[in-house]
Amino acid sequence: ALAYGAVHPERVSGIALIGCGTFDEGARAIFHAAVARRLEGELGERLRRIDREAREHAQPRDEVLARKAEVFESLMSCDLLPDDASFVDLDAQGHEESWNDMIERQGDGTYPACFARITAPVIMLHGDVDPHPGTATRDTLARHIPQLEYRSWAACGHTPWRERRVREEFLQELTAWLT
């Protein structure tokens, strides 16, 4: 959304960032440290088992990514409501290429500097349980997007629309902001 808004600011009337990732090495280090702490127990063992089975059985990369996504969903959440969606249709190659592109653009300074072209209102809605460091990311983005608003919830992870304790409040906040 930010990349699109930077290239086409005249086409964007508002941007809502939900479960926003990182845009600098410092925030990424905080994210990696939080993930490492959460992988010290059963979730880490599940991830290692997935990697082991993938090597032993030469599983397709898309299937491996889908299994890992289930682990990361637990790692990045607080109290998820049930969801019928699955991670069956993931694209491992596209996922890898997207992240490599993001890291490259951050490394050469393109991101987040080009986000200064965004003139539309921007809100970042974030869960404090999300290992992506909301306030660190907010501070980085605010240097380039002065109109950035920030709202967070204590009992909320990466997908606030699915978090039991904040879903309704999140949806009300988002709806009010969008209207």
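Because the structure is a prediction, the values reported are computed rather than measured. Position 1 is the first residue of the sequence; numbering continues from there.
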### Message
Restricting to non-hydrogen atoms, name the atom on Val166 and the atom on Pro160 that form the minimum distance, rounded to 0.1 Å.
### Response
CG2-O, 4.0 Å

### Query
Hey, does the side chain of Arg167 reach the backbone of Trp161 with a donor-acceptor pair shorter than 3.5 angstrom?
yes

#### Entry: Those residues that, when tested against His158, pass ring pair (Phe, Tyr, Trp, His ring centres under 6.0 Å) (two or more places apart)
His132

### Message
Give me the atom names and distance for the closest heavy-atom approach of Ala92 to Leu65.
### Response
CA-CD2, 3.6 Å

### Query
Considering only heavy atoms from C-beta outward, does the side chain of Cys114 approach that of Arg105 to under 4.5 Å?
no

### Task
Of all the heavy-atom pairs spanning Ser74 and Leu43, show the shortest one and how long it is.
CB-CD2, 3.9 Å

### Summary
Rounded to the nearest 0.5 Å, the CZ atom of Arg162 sits from the CG atom of Asp79 at a distance of 11.0 Å

## Note on the structure
Contacts of Trp177 meeting side-chain contact (heavy atoms from CB on, under 4.5 Å) (sequence neighbours excluded), chain-then-number -> Ala16, Pro121, Ile123, Glu149

### Query
In chain order, what residues pass the ring pair (Phe, Tyr, Trp, His ring centres under 6.0 Å) check against His8, with sequence neighbours excluded?
Tyr4

#### Entry: Distance (rounded to the nearest 0.5 Å) between Leu174 CG and Ile18 CD1
5.0 Å

#### Entry: By side-chain contact (heavy atoms from CB on, under 4.5 Å) - contacts of Arg55 (at least two apart)
Asp51, Arg52

### Task
Compare all side-chain heavy atoms of Leu141 with those of Tyr150 and state whether any distance is below 4.5 angstrom.
no

### Query
Would a hydrophobic clustering, with Ile, Leu, Val, Met, Phe, Trp and Tyr connected at side-chain separations under 4.5 Å, put Ile50 with Met76?
yes

### Rounded distance [0.5 Å steps], OG1 in Thr137 versus NE2 in His126
6.5 Å

### Message
Could you see if Val12 belongs to whatever hydrophobic cluster contains Leu17? Use Ile, Leu, Val, Met, Phe, Trp, Tyr and a side-chain cutoff under 4.5 Å.
### Response
yes

#### Entry: Main-chain N/O of Val122 paired to Gln147 side chain as donor or acceptor, under 3.5 Å
no

### Message
Please tell me whether Ile30 and Leu75 are part of a single hydrophobic cluster in this structure, the criterion being side-chain heavy atoms less than 4.5 Å apart.
### Response
no

### Query
Got His95 and Leu90 here, is their nearest side-chain heavy-atom distance under 4.5 Å?
no

### Task
Write down the atom of Ala6, the atom of Arg117, and the distance for their closest heavy-atom approach.
O-CD, 3.4 Å

### Task
To the nearest 0.5 angstrom, please state how far the CG atom of Leu39 sits from the CZ atom of Arg46.
10.5 Å

### Task
State yes or no: do Met102 and Ile118 share one hydrophobic cluster built from I, L, V, M, F, W and Y residues joined by side-chain heavy-atom distances below 4.5 Å, directly or via other members?
yes

### Message
If you apply the rule salt bridge (charged side-chain N to carboxylate O under 4.0 Å, His left out), what do you find for Glu25 with Arg28, and how did you get there?
### Response
CA-CA 5 Å; Glu25 289 182 23; Arg28 217 168 11 266; 5.1 Å; no

### Message
Is the shortest side-chain heavy-atom distance between Ile145 and Ile15 below 4.5 Å?
### Response
no

### Query
When clusters are formed by joining ILVMFWY residues with side-chain heavy atoms under 4.5 Å apart, either directly or through shared neighbours, do Leu2 and Leu178 land in the same one?
no

#### Entry: Heavy-atom pair with the smallest gap, counting every atom of Thr140 and Pro112
CG2-CG, 3.9 Å

### Task
State plainly whether the residues Glu70 and Arg67 are in salt-bridge range, i.e. N to O under 4.0 Å.
no

### Message
Among residues at least two apart in sequence or on other chains, which ones pass ring pair (Phe, Tyr, Trp, His ring centres under 6.0 Å) with Phe115?
### Response
Phe23, Tyr111

### Query
Atom CZ in Arg138, atom SG in Cys20: separation rounded to 0.5 Å?
12.0 Å

### Query
Quick one: CG on Leu47 to CD on Glu42, what's the gap to the nearest 0.5 Å?
10.5 Å

### Query
So does Gln93 have more than 12 non-hydrogen atoms from other groups sitting under 6.0 Å from CD?
no

### Message
Counting C-beta onward and ignoring hydrogens, is there a side-chain heavy-atom pair between Asp24 and Gln106 closer than 4.5 Å?
### Response
no

### Message
Measuring only between side-chain heavy atoms, which start at C-beta, is Glu163 closer than 4.5 Å to Leu80?
### Response
yes

### Task
Of all the heavy-atom pairs spanning Ala120 and Gly14, show the shortest one and how long it is.
CB-N, 3.7 Å

## Note on the structure
The ring pair (Phe, Tyr, Trp, His ring centres under 6.0 Å) partners of His144 (sequence neighbours excluded) come to none

